[in-house]
Amino acid sequence: MKVSFTPQGTCSRYFEFEIEDRIIKSMDFVGGCNGNLQGIEALLKGMKVEDAIARLGGIKCGNKATSCPDQISKGLQNAINEGLI
């Protein structure tokens, strides 16, 4: 299933996750730091959604209150809360 999320407070403008049986299969991003986001995607592929949320939640970027990893965790949690996955 594909799930989309619009992050807040980051350079990234849009995330799309492909999730199957609560396992992250792939991710696509619009905006943000391309190399860093490709690295994050490579690390998260095959990971359980709950594990990704636990690892990424609360990470900050510089003096910002959030980061792309934190927003990924929020997007995944949002998908769970909405019953999408």
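Quick caveat, the model's predicted, so the values are computed rather than measured.
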**Student:** What's the spacing between Glu20 CD and Glu18 CD if we round to 0.5 Å?
**Tutor:**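 The distance works out to 7.5 Å.
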**Student:** Tell me the closest heavy-atom pair linking Val3 and Ala79, and the distance in Å.
**Tutor:** CG1-CB, 3.6 Å
**Student:** Taking all non-hydrogen atoms of both residues into account, name the closest pair between Lys64 and Cys11 and its distance.
**Tutor:** NZ-SG, 4.2 Å
**Student:** Taking a hydrophobic cluster as the set of Ile, Leu, Val, Met, Phe, Trp and Tyr residues connected by side-chain heavy atoms closer than 4.5 Å, whether directly or through intermediates, do Leu76 and Ile59 fall within one such cluster?
**Tutor:**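 In one cluster with Leu76: Ile59, yes.
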**Student:** Other residues, nucleotides and ligands only: do more than 12 of their heavy atoms fall within 6.0 Å of CG on Asn81?
**Tutor:**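 More than 12 heavy atoms, drawn from other residues, nucleotides or ligands, come within 6.0 Å of this atom.
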**Student:** Can you see which heavy atom on Gly57 is nearest to which on Ser73, and at what distance?
**Tutor:**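 Distance-wise, the nearest heavy atoms are CA-OG, 3.3 Å.
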**Student:** Determine whether Met1 and Val49 fall in the same hydrophobic cluster, where Ile, Leu, Val, Met, Phe, Trp and Tyr are linked whenever their side-chain heavy atoms lie under 4.5 Å apart.
**Tutor:** yes
**Student:** Just to verify, what does Arg22 make a side chain to side chain donor-acceptor pair (under 3.5 Å) with, not counting sequence neighbours?
**Tutor:**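 So Arg22 forms a side chain to side chain donor-acceptor pair (under 3.5 Å) with Glu50.
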**Student:** Examine distances only and state if a side-chain atom of Asp70 and a backbone atom of Gly58 form a donor-acceptor pair shorter than 3.5 Å.
**Tutor:**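 Indeed, once roles are kept as given, a pair shorter than 3.5 Å links the two residues.
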**Student:** Test of understanding: clusters of I, L, V, M, F, W, Y form through side-chain heavy atoms closer than 4.5 Å, transitively. Do Tyr14 and Ile72 belong to the same one?
**Tutor:** no
**Student:** Atom OG of Ser26 and atom CD1 of Ile19: how far apart are they, to the nearest 0.5 Å?
**Tutor:** 9.0 Å
**Student:** List in chain and number order the residues that pass ring-ring contact (aromatic ring centres under 6.0 Å, His included) with Phe5, two or more places apart in sequence or in another chain; answer none if no residue qualifies.
**Tutor:** none
**Student:** Pick from Thr6, Thr10, Thr66: which one makes a side-chain hydrogen bond (donor to acceptor under 3.5 Å, both in side chains) with Gln71?
**Tutor:** Thr66
**Student:** To the nearest 0.5 Å, what is the distance between CE (Met27) and CD (Glu41)?
**Tutor:** 5.0 Å
**Student:** For the CG atom of Leu44 and the CG atom of Leu56, what is their distance to the nearest 0.5 Å?
**Tutor:** 5.5 Å
**Student:** What I'd like to find out is whether the side chain of Gln8 reaches to under 4.5 Å of the side chain of Lys74, using heavy atoms alone.
**Tutor:** no
**Student:** May I have all residue pairs that pass ring-ring contact (aromatic ring centres under 6.0 Å, His included) and include part of residues 29-69, sequence neighbours excluded?
**Tutor:** Phe15-Phe29
**Student:** When you group the ILVMFWY residues by side-chain heavy-atom contacts below 4.5 Å and let the links chain together, are Ile53 and Leu84 in the same group?
**Tutor:** yes
**Student:** So does Lys25 have more than 12 non-hydrogen atoms from other groups sitting under 6.0 Å from NZ?
**Tutor:**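 Yes, enclosed.
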**Student:** Hey, what do you get for CD1 (Ile40) to SG (Cys68), rounding to the nearest 0.5 Å?
**Tutor:**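 Between Ile40 CD1 and Cys68 SG, I get 6.5 Å after rounding to 0.5 Å.
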**Student:** Of all the heavy-atom pairs spanning Gly32 and Ser12, show the shortest one and how long it is.
**Tutor:**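 Shortest heavy-atom contact: CA-OG, 3.5 Å.
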